[in-house]
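Comments concern the structure below.
Sequence positions, counted from 1, serve as the residue numbers for this chain.
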Amino acid sequence: MSYKFTSDQLEIQALAREFTAKEVTPRGRDMDRDGWCQELYEKYIETGLQATPIPEEYGGAGLSDVECAIITHELAKGDAGFAMAMEISWVATDMIRRHATEEQKRKYLTGLAEGKLCSFCLTEPEAGSDAASMRTRAKKTENGYILNGSKAWITNSGIADYYVIMAKTDPDKGAKGISAFIVEKGTPGLIVNAEEDKMGMRSSDTHGLSFDDMEIPKDALLGEEGMGFVYAMEGLDGGRISCTAISTGLAEHAYQIARDYSLGRVAFGKPICKHQAVAFKLADMAMYTEAMKLMLYDAAELKSTGARCSLQAAEAKLFASTHATQICLDAIQILGGNGYSKEYNVERLLRDNKLMEIGEGTNEVQRIVISGAILK
Ligand SMILES: Cc1cc2nc3c(=O)[nH]c(=O)nc-3n(C[C@H](O)[C@H](O)[C@H](O)COP(=O)(O)OP(=O)(O)OC[C@H]3O[C@@H](n4cnc5c(N)ncnc54)[C@H](O)[C@@H]3O)c2cc1C
C-alpha cells in the first residue's frame with residue numbers, strides 16, 4: 001500500500017495490532033456465541049485507545065480520523081463486532097466534540113476518554129433509510145423537553161453510559177425539525193428493550209429503545225435546535241469510513257485464513273493453491289483488499305482535514321463492504337467443507353460483514369449519496 005503513515009501512526013497501529021492479536025482474536029469465536037465481553041472492553045480501556053479522537057483538554061489523545069481508522073481496521077482483524085461497538089461510540093463522540101457546549105464537553109468527553117460508552121440513536125422501527133421520517137417527538141416544556149417514541153437496532157444500547165438521540169422538535173419541518181440530545185443512562189422513561197438475536201456482529205450489543213414521557217433538561221440539547229439531522233449525517237460520514245475499516249480488516253482476516261489453508265491442503269497431488277482456480281481467487285482477494293486500504297485511508301485523511309467527505313466515505317464503504325462479502329464467500333469456497341464449519345471462523349466473517357452492507361446506510365443508500373454527488 002502506498003499510503004504512508006507517520007511514525008506516530010505506526011506506533012498506534014502496532015499497539016492496536018498487538019492488542020488485537022493478544023486479546024481480541026482469541027475471544028472472537030466465544031463472543032460470537034456469548035455476546036458482548038465486558039472483560040475485553042476493560043482491557044481495551046487500559047490501552048487508552050478509546051480516547052484517541054478526544055481533544056487533549058478533555059483527557060484524550062487529540063488524534064485524527066486517520067488514527068481512528070487505523071485502530072478500527074486493526075480491531076476488525078480480530079473481531080468485527082467489537083470494532084463496530086467501539087467505532088459507533090466514536091460517531092456519537094464526534095457529534096459531541098463538534099457541537100457540544102463547553103460544559104457538555106467537559107462532562108461527556110471527559111467521561112468518554114475515561115472509558116464510558118455512547119450510543120448513536122437515529123433508526124426507528126418505521127424509519128431507517130428514510131431517517132428523516134422519524135416519529136420520536138421531543139416536546140418543549142418550561143424546563144426542557146419530554147421525549148416519546150422509540151428507536152430500533154441501537155448498538156451499545158444495553159451497555160452505554162450516554163445516548164445521543166435524534167428526535168423531532170418541530171414535526172412540520174421534516175429533516176429541519178430534528179434536534180439531537182445527549183441523554184444519560186438511567187434517565188426515568190428511558191427503556192432498553194430486549195436484546196436482538198442477530199445473524200452476525202454478535203459480540204456487539206443491540207437493542208431497541210423506548211422513550212416513555214422521558215423528561216430531559218434544556219441543557220441536554222446538543223448544538224442548535226433543528227440541526228440534529230445535519231449533525232447525524234456528518235457523524236455518519238465518519239461512521240461510513242469506520243465501516244470501510246471494518247470490512248477491510250475482516251476481508252484481510254478471511255484472505256489470511258484462505259491463503260494459509262490453501263498452502264497446506266493437498267488435492268490431486270499438490271497444494272490447492274497450485275490449482276489456478278484457487279490461486280486466482282487469492283489474487284483477486286489480495287487486489288481488492290489493497291484497493292480497500294487505499295480508499296479507506298484516502299477518505300479518512302480527507303475527513304481529518306475537516307472537509308466534508310460524504311462522497312468518498314460512501315464510495316469507500318460501498319466498495320469495501322461489497323468486496324468483503326465476496327472475499328468471505330471465496331474464502332469459504334477455498335476451505336471447502338471446513339469453510340462451512342464454525343471451527344475455521346470464515347463463516348462468522350461472512351455473517352459479520354453482511355451488516356456492513358446494511359448498517360450506517362445500506363448499499364442502496366450509498367449509491368443514492370454517490371449518484372447525487374456526481375450528478376449534481
Ligand atoms: C446490527 C445492527 C446495528 C445497528 N446499529 C445502529 C445504531 O447504532 N444506530 C442507529 O441509528 N441505527 C443502527 N442500525 C440501523 C441501520 O442503520 C438500519 O437498519 C439501516 O439504515 C437500514 O434501515 P432499515 O433497516 O429500516 O431498512 P429500510 O430503510 O426499511 O430498507 C429496506 C430495504 O429497502 C431499500 N431502500 C430503502 N429506500 C430505498 C431507496 N430510496 N432506494 C433504493 N432502495 C431503498 C434499502 O436499501 C433496503 O434494502 C443498526 C442495524 C443493525 C442490523
Side-chain angles (χ1 to χ4, degrees), residues 24-41 44 72 75-92 117-129 131 150-160 163 165 191-210 236 239-240 242-251 253-254 317 320-322 324-329 331-332 339-366:
V24 185
T25 307
R27 288 179 169 87
R29 189 127 55 91
D30 287 352
M31 293 194 293
D32 183 49
R33 187 189 57 225
D34 303 332
W36 171 251
C37 178
Q38 184 63 23
E39 185 198 15
L40 174 61
Y41 185 57
Y44 180 67
T72 307
L75 291 176
K77 291 178 189 172
D79 186 76
F82 185 72
M84 184 178 77
M86 299 303 98
E87 67 83 10
I88 200 87
S89 187
W90 280 346
V91 171
L117 267 178
C118 202
S119 276
F120 169 83
C121 312
L122 180 67
T123 306
E124 299 193 353
E126 308 294 331
S129 303
S150 58
K151 295 286 168 185
W153 295 111
I154 305 302
T155 304
N156 294 338
S157 48
I159 51 175
Y163 299 80
I165 299 171
I191 300 156
V192 179
N193 300 325
E195 187 169 1
E196 297 292 347
D197 189 6
K198 308 189 292 287
M199 167 183 174
M201 296 294 202
R202 294 180 62 85
S203 57
S204 67
D205 172 86
T206 321
H207 306 249
L209 294 171
S210 303
L236 282 179
R240 288 167 187 171
S242 299
C243 290
T244 309
I246 293 171
S247 284
T248 305
L250 184 154
H253 188 183
K317 178 184 185 284
S321 63
T322 307
T325 293
Q326 189 56 50
I327 286 170
C328 291
L329 284 168
I332 291 170
Y340 206 65
S341 158
K342 283 191 187 286
E343 195 186 333
Y344 287 80
N345 284 322
V346 276
E347 61 81 39
R348 164 163 69 90
L349 303 186
L350 176 69
R351 288 187 283 107
D352 286 351
N353 190 66
K354 187 60 202 165
L355 181 65
M356 296 295 96
E357 298 190 48
I358 297 169
E360 306 197 38
T362 64
N363 279 359
E364 290 75 24
V365 166
Q366 305 314 313

**Request:** Answer whether the closest heavy-atom distance between the side chains of Met86 and Leu75 falls below 4.5 Å.
**Result:** yes
**Request:** Check Val192 against Gly158 and note the closest heavy-atom contact, atom names and distance.
**Result:** CG1-CA, 4.0 Å
**Request:** Indicate the atoms forming the closest heavy-atom contact of Gly239 with Val91, along with that distance.
**Result:** CA-CG2, 3.6 Å
**Request:** Check the pair Arg348, Lys342 against side-chain contact (heavy atoms from CB on, under 4.5 Å), reporting the backbone distance first and the verdict last.
**Result:** CA-CA 7 Å; Arg348 164 163 69 90; Lys342 283 191 187 286; over 6 Å; no
**Message:** Rounded to the nearest 0.5 Å, what separates atom OG in Ser119 from atom CG in Asn156?
**Reply:** 5.0 Å
**Prompt:** Stepwise, does the salt bridge (Lys or Arg N to Asp or Glu O under 4.0 Å) test hold for Arg202 with Asp352?
**Reply:** CA-CA 8 Å; Arg202 294 180 62 85; Asp352 286 351; over 6 Å; no
**Message:** For Ile165 and Phe120: C-alpha separation, side-chain torsions, deciding distance, then whether side-chain contact (heavy atoms from CB on, under 4.5 Å) applies.
**Reply:** CA-CA 7 Å; Ile165 299 171; Phe120 169 83; over 6 Å; no
**Worked verdict on Glu87 versus Ile246 for side-chain contact (heavy atoms from CB on, under 4.5 Å)** = CA-CA 9 Å; Glu87 67 83 10; Ile246 293 171; 3.9 Å; yes
**Message:** I need the Trp36 CH2 to Thr206 OG1 distance, nearest 0.5 Å.
**Reply:** 11.0 Å
**Message:** Check whether Lys317 reaches the backbone of Gly361 with its side chain - one donor and one acceptor, N or O, closer than 3.5 Å.
**Reply:** yes
**Asked** Are Leu250 and Cys328 close enough, and set up right, to give a side-chain contact (heavy atoms from CB on, under 4.5 Å), and what steps lead you there?
**Response** CA-CA 9 Å; Leu250 184 154; Cys328 291; 3.6 Å; yes
**Message:** Just verifying a value: how many Å separate His253 NE2 and Thr248 OG1, rounded to the nearest 0.5 Å?
**Reply:** 14.5 Å
**Message:** Working note: Phe82 + Tyr44, criterion ring-ring contact (aromatic ring centres under 6.0 Å, His included); need CA distance, chi angles, decisive distance, verdict.
**Reply:** CA-CA 10 Å; Phe82 185 72; Tyr44 180 67; 5.5 Å; yes
**Message:** Within this structure, what is the OH-CG distance for the pair Tyr344 and Leu349, rounded to the nearest 0.5 Å?
**Reply:** 14.5 Å
**Item:** Heavy-atom pair of closest approach, residues Thr244 and Ala320
**Value:** CG2-CB, 3.7 Å
**Asked** Taking atom SG of Cys243 and atom CE of Met356, what is their separation to the nearest 0.5 Å?
**Response** 4.0 Å
**Interatomic spacing from OG in Ser157 to OH in Tyr163 - rounded to 0.5 Å** = 6.0 Å
**Request:** May I ask you to decide if Met201's main-chain N or O and Ser204's side chain share a donor-acceptor pair within less than 3.5 Å?
**Result:** yes
**Message:** Would you say Ser210 and Asn193 are linked by a side-chain donor-acceptor pair, where the criterion is simply a distance under 3.5 Å?
**Reply:** yes
**Item:** Reference residue Glu357; test side-chain hydrogen bond (donor to acceptor under 3.5 Å, both in side chains); the match among Thr362, Thr322, Thr325
**Value:** Thr325
**Item:** Lys151 versus Pro125, closest heavy-atom pair with distance
**Value:** C-CD, 4.2 Å
**Asked** Between the side chains of Ser321 and Asn363, does any donor sit under 3.5 Å from an acceptor?
**Response** yes
**Request:** Quick one: do Asp30 and Arg33 satisfy salt bridge (Lys or Arg N to Asp or Glu O under 4.0 Å)? Show the steps, please.
**Result:** CA-CA 5 Å; Asp30 287 352; Arg33 187 189 57 225; 3.5 Å; yes
**Complete:** Heavy atoms of Thr25 and Gly78 approach each other most closely as OG1-CA, 3.4 Å
**Request:** State whether a side-chain donor-acceptor pair under 3.5 Å links Ser247 with Asn353.
**Result:** yes
**Fill in**
Between Ile154 and Leu122, the two heavy atoms sitting closest are CD1-N, 4.1 Å
**Message:** Set out, in order, the CA-CA distance, both residues' side-chain angles and the distance that settles salt bridge (Lys or Arg N to Asp or Glu O under 4.0 Å) for Arg240 and Glu360, then state yes or no.
**Reply:** CA-CA 6 Å; Arg240 288 167 187 171; Glu360 306 197 38; over 6 Å; no
**Prompt:** Is a salt bridge present between Glu343 and Arg29, judged by a nitrogen-to-oxygen distance below 4.0 Å?
**Reply:** no
**Message:** Do Thr155 and Asp205 make a side-chain contact, defined as non-hydrogen atoms from C-beta onward lying under 4.5 Å apart?
**Reply:** no
